[in-house]
There are 2 protein chains.
Amino acid sequence: MEQIGPEHLARRLRDIGQRVTPQRLAILGALRPGEHLSADEVFAAVESSLPGVNRSTVYRTLEMLRDLSLVSETDLGGGARQYERIEGRHHHLICQGCGRQQELEDALVAPLRSTIFERYGFAAGIEHLAIFGLCGECAR
Amino acid sequence: MEQIGPEHLARRLRDIGQRVTPQRLAILGALRPGEHLSADEVFAAVESSLPGVNRSTVYRTLEMLRDLSLVSETDLGGGARQYERIEGRHHHLICQGCGRQQELEDALVAPLRSTIFERYGFAAGIEHLAIFGLCGECAR
DNA sequence: ATCGCAGATGCAACTTTTTGCAGGTGCGGT
DNA sequence: ACCGCACCTGCAAAAAGTTGCATCTGCGAT
């Protein structure tokens, strides 16, 4: 059971050589594992706890957090991308027929990661994959 | 060696129950395997061969072609998504350190597709994966 | 060949995301 | 405790992508 607090986040940022700013704490604090938010929703949440924050700061910070693998960014083609704090790898199967989503355990994806490393020496991230296709029902 | 012409594309569209329109032929015709274009570049190309086409038509058509797996859509985080005609599956390894791209054969990804199908009965597309991470050089 | 209509397109407004730049601020070094 | 400056942020404008609606058009049925 991991407790997350401002100091925890601050340490995590500092550990990876990033500056700790109120904006970043607020943005990271607005995200939690298992909850998908759009950039705009993040903005709204941050705005209430720290008025005056700019949209572009939210976008830039989310981009940075994505690059650091602290946050996943997923484009479900629905007009706005979804952001989520990463706490352990997981993936989604998205049916293009009915739109339903299903979680996919990382165990199935892990072999791909290792194969890629063996074959290319490439350390693949693959923190959060969005795999599109057709579910059993819709395939018929 | 596959020859592609307007009639070929038309047949392909009709086969999957889609209407054949000059706009669609032009858009599909502007794309070719191995060449990544942004939506705007597609628009420019189409515009010259078929003046008056609207941007939103380009976006809507690209979206449809993506859903039909005729075209791949990839977000390389560089401001605009890249589109490419699919002729056989292939994937990319993208290094977040140096930005270099490397092709990844589908053979390595195919097992994931089958595992997902066995386990969930889900027919995954995965036509064109963009996998981020660190190449051998940058990992050091 | 013609008709009818579901599906496509053009248009315009709107939302979402990116970018250049000027000023502000965290934090390592003193 | 204070300085300096590289890194951040806010701002404003532009670029990229989406949507609602009225009109148009491919194509199956007549």
Side-chain angles (χ1 to χ4, degrees), chain A residues 6-7 9-28 30 36-47 49-68 70-83 99, chain B residues 6-7 9-30 36-47 49-68 70-83:
Chain A
E7 347 66 34
L9 299 177
R11 197 174 326 120
R12 193 143 180 189
L13 281 176
R14 249 190 295 266
D15 284 350
I16 50 188
Q18 289 292 326
R19 289 199 186 162
V20 178
T21 68
Q23 290 87 342
R24 293 180 171 186
L25 291 180
I27 291 168
L28 206 37
H36 290 242
L37 293 181
S38 69
D40 197 58
E41 289 166 332
V42 172
F43 173 68
V46 171
E47 169 77 11
S49 76
L50 190 72
V53 187
N54 195 272
R55 246 170 238 283
S56 57
T57 298
V58 172
Y59 279 107
R60 281 191 281 231
T61 301
L62 288 173
E63 182 186 357
M64 174 206 68
L65 294 173
R66 157 170 61 67
D67 288 345
L68 295 171
L70 290 179
V71 159
S72 75
E73 179 190 77
T74 315
D75 187 344
L76 305 182
R81 304 178 208 170
Q82 301 291 111
Y83 296 88
Chain B
E7 346 67 34
L9 299 178
R11 196 175 327 119
R12 194 142 180 191
L13 281 176
R14 248 190 296 265
D15 284 350
I16 50 188
Q18 289 294 325
R19 289 198 186 164
V20 178
T21 68
Q23 291 86 342
R24 293 179 171 188
L25 291 180
I27 290 169
L28 207 37
H36 290 242
L37 293 181
S38 68
D40 198 58
E41 288 165 333
V42 172
F43 173 69
V46 170
E47 168 77 11
S49 77
L50 190 71
V53 187
N54 194 274
R55 245 168 239 282
S56 57
T57 299
V58 173
Y59 279 108
R60 281 191 281 230
T61 301
L62 288 174
E63 182 186 358
M64 174 206 68
L65 294 173
R66 159 170 61 67
D67 288 346
L68 295 170
L70 290 179
V71 158
S72 75
E73 179 190 77
T74 316
D75 186 345
L76 305 182
R81 303 175 211 174
Q82 301 292 112
Y83 296 88

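Hydrogens, waters and symmetry mates are skipped; everything else that's a heavy atom, side chains included, is used. So that the names make sense, note that chain A is the first sequence line, chain B the second, and so on, each numbered from 1.
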Taking [atom1] from [X] and [atom2] from [N], how many angstroms apart are they, rounded to a whole number?
| X | N | atom1 | atom2 | answer |
| --- | --- | --- | --- | --- |
| A:Glu47 | D:dG10 | CD | P | 10 Å |
| A:Leu13 | D:dC7 | CG | P | 16 Å |
| B:Glu41 | D:dG17 | CD | C1' | 16 Å |
| B:Leu68 | C:dA8 | CG | P | 10 Å |
| A:Leu25 | C:dT25 | CG | P | 16 Å |
| A:Phe43 | C:dT18 | CZ | P | 16 Å |
| A:Leu65 | D:dC8 | CG | C1' | 14 Å |
| A:Leu50 | C:dT25 | CG | P | 12 Å |

Can you tell me if the side-chain N/O atoms of A:Gln23 get under 4.0 Å from OP1 or OP2 in C:dT25? no
With a 4.5 Å cut-off on side-chain heavy atoms, are [Y] and [X] touching?
| X | Y | answer |
| --- | --- | --- |
| A:Arg55 | A:Asp40 | yes |
| A:Arg81 | B:Asp75 | yes |
| A:Leu50 | A:Gln23 | yes |
| B:Thr57 | B:Val46 | no |

For residues 14-21 of chain B, tabulate all N or O donor-acceptor pairs below 3.5 Å that involve a side-chain atom, not counting sequence neighbours.
| unit_1 | atom_1 | unit_2 | atom_2 | d |
| --- | --- | --- | --- | --- |
| B:Gln18 | OE1 | B:Arg24 | NH1 | 3.1 |
| B:Thr21 | OG1 | B:Arg24 | N | 3.2 |

Treat primed atoms plus P, OP1 and OP2 as sugar-phosphate and everything else as base, then score nucleotides 18-30 of chain D 5' to 3': B for base contact with protein heavy atoms under 4.0 Å, S for sugar-phosphate contact only, - for none. BBB----BBS---
Qualifying residues under side chain to side chain donor-acceptor pair (under 3.5 Å), relative to A:Glu41, sequence neighbours excluded: A:Ser38
